[in-house]
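A short worksheet on the structure shown next.
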2 protein chains.
Amino acid sequence: MIIILAMLKLTSHRETILKFINASNAHWDAEELARALSDSGKTIGIATVYRGLAALDEAGLIASVQLGDRKRYECADKKHHDHLVCTECGAIEEFVQAKIEQLQEQVAKENGFEITGHQLLIFGLCRGCRNA
Amino acid sequence: MIIILAMLKLTSHRETILKFINASNAHWDAEELARALSDSGKTIGIATVYRGLAALDEAGLIASVQLGDRKRYECADKKHHDHLVCTECGAIEEFVQAKIEQLQEQVAKENGFEITGHQLLIFGLCRGCRNA
DNA sequence: ATGATAATGATAATGATTATCATTCTTGCC
DNA sequence: GGCAAGAATGATAATCATTATCATTATCAT
């Protein structure tokens with residue numbers, strides 16, 4: 001981790017983005033984040049938001065998940081988890097299932113893969129939308 | 001499935017796309033498919049390829065997987081499976097792990113979700129790229 | 001303070017995808 | 001087979017998230 005930090009310039013803009021994300025439990029896409037920052041008096045250019053997110057993600061300081069054709073970013077301080085996505089309202093919930101993680105390692109091994117990461121999305125209707 | 005078929009017009013273009021995909025084990029994005037069709041003497045307009053893929057996918061006649069910001073399409077005749085993706089060469093391999101499927105159902109239930117689908121991608125280096 | 005390098009912001013450019021529209025095709029009915 | 005309604009097609013314009021460009025500014029080590 002020290003090595004990664006040494007490779008990233010933590011400019012004030014990037015620090016603003018990092019703090020904002022770390023202070024929240026949500027999954028942000030670039031545009032949403034830019035708007036939220038602006039609403040809280042911290043306007044950062046949209047290009048810079050994209051670049052900042054990419055740099056922080058690359059450095060491992062935030063985490064990302066690809067949902068559809070867009071990436072969403074979240075706090076990296078959490079224990080690894082995966083996502084339940086409501087196809088109706090877009091709600092994103094998190095879950096941890098150690099056994100699944102384990103089985104993934106096994107699958108990779110069986111297929112001669114050296115895992116660098118994974119992404120598990122479970123799509124469906126959340127509690128709220130089921131009753132609608 | 002009968003219901004789904006009744007909702008899709010199986011035009012000659014869509015049939016061409018369906019047959020092409022079913023005759024292959026690969027994961028196609030729209031542009032690749034359009035080019036391959038054209039190379040085999042069956043030119044279909046790019047807009048029509050996109051629309052055809054979307055319609056066939058919606059009808060359940062082909063399957064899709066979101067990789068990065070693009071969707072890829074494959075034969076739907078297979079037993080459900082998930083994917084190992086090599087981050088180096090882009091190779092896509094398939095795997096089936098019944099226990100993971102089961103645990104996903106459990107996770108969903110525990111979170112009050114009614115599953116409609118899921119997507120599991122394991123990223124890493126394939127056998128070939130590990131030894132490079 | 002200086003210099004080298006990287007970041008910023010506004011905006012043009014990019015590229016996958018979708019909308020538009022005139023034309024063609026499909027399907028059910030007679 | 002003909003007809004009508006509705007959907008599909010293809011070329012291309014439009015869309016939109018994202019990235020490139022470029023002049024300017026900021027960062028960081030010396």
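In what follows, every chain begins at residue 1, and chains take the letters A, B, ... in the order their sequences are listed. Remember, it's a predicted structure, so these values are computed and weren't measured experimentally. Note: hydrogens, waters and symmetry copies are ignored here, and every other heavy atom, side chains too, is used.
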So do the side chains of B:Phe113 and A:Phe123 get within less than 4.5 Å of each other, counting heavy atoms only?
no

Taking atom CD as the centre, does A:Glu88 end up with more than 12 heavy-atom neighbours from other residues, nucleotides or ligands that are less than 6.0 angstrom away?
no

How long is the span from the CG atom in A:Leu125 to the CD1 atom in B:Ile115, to the nearest 0.5 Å?
11.0 Å

If the cut-off is 4.0 Å, is B:Tyr50 near the phosphate of C:dT17, judged by side-chain N/O to OP1 or OP2?
yes

Reading nucleotides 20-27 of chain D 5' to 3', which nucleotides get B (base under 4.0 Å from a protein heavy atom), which S (sugar-phosphate only), which -?
BB------

side-chain hydrogen bond (donor to acceptor under 3.5 Å, both in side chains) assessment of A:Ser38 paired with A:Arg35
CA-CA 5 Å; A:Ser38 184; A:Arg35 197 186 325 115; over 6 Å; no

Starting at CD1 of A:Ile44 and ending at C1' of C:dA7, how long is that distance when rounded to a whole Å?
12 Å

Rounded to the nearest 0.5 Å, the OG1 atom of B:Thr48 sits from the CG atom of B:Leu37 at a distance of 11.5 Å

Would you mind reading off the distance between A:Lys42 atom NZ and C:dG9 atom P, rounded to a whole angstrom?
15 Å

Atom CD1 of B:Ile46 to atom C1' of C:dT17: distance rounded to whole Å?
9 Å

What is the separation between atom CG on B:Leu53 and atom P on C:dT18, rounded to the nearest whole Å?
10 Å

Against A:His27, only a single residue in A:Lys71, A:His83, A:Glu32 fulfils side-chain hydrogen bond (donor to acceptor under 3.5 Å, both in side chains); can you say which?
A:His83

As an exercise, state the distance from CG of B:Leu120 to CG of B:Asp82, rounded to the nearest 0.5 Å.
4.5 Å

Take atom NZ of A:Lys71 and atom P of C:dA16, then tell me their distance rounded to the nearest Å.
17 Å

Counting only Watson-Crick pairs (N1-N3 plus N6-O4 or O6-N4) and G-U wobbles (N1-O2, O6-N3), all under 3.5 Å, who is the partner of C:dC21?
D:dG10

Please give the nucleotide sitting opposite D:dC3 as a Watson-Crick or G-U wobble pair, both distances under 3.5 Å, or none.
C:dG28

Taking for B:His13 and for A:Asp69 the nucleotide of DNA chain D with the nearest heavy atom, the one nearer the 5' end belongs to B:His13

A:His118 vs A:His80, ring pair (Phe, Tyr, Trp, His ring centres under 6.0 Å): CA-CA, chis, key distance, verdict:
CA-CA 10 Å; A:His118 74 267; A:His80 172 74; 4.6 Å; yes

In residues 22-41 of chain A, what residues come within less than 4.0 Å of DNA chain C, judged by heavy atoms?
none

Evaluate the side-chain hydrogen bond (donor to acceptor under 3.5 Å, both in side chains) criterion for residues A:Gln97 and A:Glu101: first the C-alpha distance (whole Å), next the side-chain angles of each, then the deciding distance (0.1 Å), finally the verdict.
CA-CA 7 Å; A:Gln97 226 292 358; A:Glu101 305 291 323; over 6 Å; no

